[in-house]
There are 2 protein chains.
Amino acid sequence: MTTTKPDRDAESVEQDGAIGLGPLEGFIGFHLRLAQDVSFRTFARHAGKPRLRPGRFAALMLIGQNPGLTQMDLSRAIARDKSTVTPLVQGLQREGLVSRTVSTTDRRRVSLRLTEAGEAALDALLDHAAEHDRKLDAIVGDRKAEFLHLLKKITGELS
Amino acid sequence: MTTTKPDRDAESVEQDGAIGLGPLEGFIGFHLRLAQDVSFRTFARHAGKPRLRPGRFAALMLIGQNPGLTQMDLSRAIARDKSTVTPLVQGLQREGLVSRTVSTTDRRRVSLRLTEAGEAALDALLDHAAEHDRKLDAIVGDRKAEFLHLLKKITGELS
DNA sequence: TATTGTTATACTCTATAACTATA
DNA sequence: TATAGTTATAGAGTATAACAATA
């Protein structure tokens, strides 16, 4: 049926297939990493079809919620360098999802807005994200409010 | 003093510097991502000195806790392809932290073990991680047990 | 035939530094 | 001088596919 497990190598320690974690077992940071990793992969696997990976999702959402925001605003909001934002938004523009217009009041700045196609793409992504998050909701259950509060507290205080 | 904030562009929506998140505000997955991102960066920034980034940390820990484990065991434990593991462990070996010996009972397999230097490096990293996790403990407070339980539940059920 | 590990290759994400243009 | 954005470049981290050795 499953993987025809060969005889356990005597040199190998894990007899039952369970890998020991050691002190990491009680570390919040470590389990935060594992949970995020699996959550991210689950989301990406299903949202991968519409060619929109989680990184661009946040950008699209932020632009949609804050039309006219500049690349520096976005850079700060997603905690990425401006040189990371440039190819990101240019890619979104190339795909017709975002418009980039030079600000008339400060010609150094580029104002970002969603196009109609961008709105549609965002809606589709939101549907996907909502579906994915329903799974997380089901897992977390009635402790969601507190769980969310702690995650936000970590984000807010660890900077 | 602080950033001499220029006049807000009339084209820009966020008047108070707060960027709206929209529906993402209530998404567990999104906040999981933000919290992990900031936690990871904080850890990496401080642990960056000893040239041991968080990815190698998990590998070192797993090898330390499960001496003799094979590259496939490690691959499964960290949920990465075997082709990702090869350069990872070869790098650790090159730096003298890990020994790689061909199994005598199955000559396809490579058994991984920490060297003395590897043990020392792991100890140093553990100190760093413990220090970092104390910050997280302080933020999470007495709800740590439940928080950890939910993170593990997500990791366990989302696969 | 199936599994372990290696190699070649490529793609994504990210940052630093140097640059242009604007302010 | 300082800021917004671009470009060049480089380094992680990751995966797929083809492969050799072994089972």
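First the proteins, then the strands, lettered A, B, ... as listed; each starts at 1.
- The 5' end of DNA chain D is approached more closely, in terms of each residue's nearest nucleotide, by A:Thr86 than by the other of A:Thr86 and A:Asp37.
- In this structure, A:Ile78 places its CD1 atom 7 Å from P of C:dT14, rounding to the nearest Å.
- For A:Arg100, there are no salt bridge (charged side-chain N to carboxylate O under 4.0 Å, His left out) partners, not counting sequence neighbours.
- Phosphate contact (OP1/OP2 of C:dT3, side-chain N/O of B:Gln71, threshold under 4.0 Å): absent.
- The distance between atom CE of A:Met72 and atom C1' of C:dA23, rounded to the nearest whole Å, is 15 Å.
- Distance, B:Arg41 CZ to D:dG13 P: 13 Å, rounded to whole Å.
- Between D:dA4, C:dG5, C:dT14, one nucleotide has an atom nearer to the side chain of B:Arg100 than all others, and that is C:dG5.
- A:Lys153 and A:Glu146 are not joined by a salt bridge, as no carboxylate oxygen comes within less than 4.0 angstrom of a charged side-chain nitrogen.
- One atom, CZ of A:Arg80, and another, P of D:dG5, lie 18 Å apart when rounded to the nearest Å.
- Computed from coordinates, the B:Phe40 CZ to D:dA12 P distance equals 13 Å when rounded to whole Å.
- Between the CG atom of A:Leu112 and the C1' atom of D:dA4 there is a distance of 12 Å, rounded to whole Å.
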Between protein and nucleotides 18-22 of chain C, what N or O pairs are separated by less than 3.5 Å?
from   : atom 1 : to       : atom 2 : distance (Å)
C:dT22 : OP2    : A:Arg107 : NH2    : 3.0

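- Going from atom CG of B:Leu69 over to atom C1' of C:dG5 covers 14 Å, rounded to whole Å.
- In terms of polar N and O atoms assigned as donor or acceptor, the side chain of B:Ser83 never comes within less than 3.5 Å of the base of D:dT14 in a complementary pairing.
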Problem set entry | Step-by-step side-chain hydrogen bond (donor to acceptor under 3.5 Å, both in side chains) determination, B:Ser103 to B:Asp106 | CA-CA 5 Å; B:Ser103 163; B:Asp106 183 342; over 6 Å; no
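- Applying the salt bridge (charged side-chain N to carboxylate O under 4.0 Å, His left out) criterion to A:Glu157, with sequence neighbours excluded, gives no partner residue.
- For A:Lys144, the salt bridge (charged side-chain N to carboxylate O under 4.0 Å, His left out) partners are A:Asp137, not counting sequence neighbours.
- Summarising the hydrophobic clusters (Ile, Leu, Val, Met, Phe, Trp, Tyr; side-chain heavy atoms under 4.5 Å, direct or chained), the residues clustered with A:Ile154 are A:Ile28, A:Leu32, A:Val38, A:Leu136, A:Ile139, A:Val140, A:Phe147, A:Leu148, A:Leu150, A:Leu151, A:Leu158, B:Ile28, B:Leu32, B:Val38, B:Leu136, B:Ile139, B:Val140, B:Phe147, B:Leu148, B:Leu150, B:Leu151, B:Ile154, B:Leu158.
- Proximity of A:Thr84 to the phosphate of C:dA15: a side-chain N or O atom is located under 4.0 Å from OP1 or OP2.
- With C:dT14, C:dT6, D:dT7 as the choices, the nucleotide that has an atom nearest any side-chain atom of A:Gln90 turns out to be D:dT7.
- Residue pairs satisfying the side-chain hydrogen bond (donor to acceptor under 3.5 Å, both in side chains) criterion with at least one member in residues 24-37 of chain B, sequence neighbours excluded, are listed as follows: A:Arg80-B:Asp37, A:Lys152-B:Glu25, B:Asp37-B:Arg41.
- Between B:Asp81 atom CG and C:dC11 atom P there is a gap of 17 Å when expressed in whole angstrom units.
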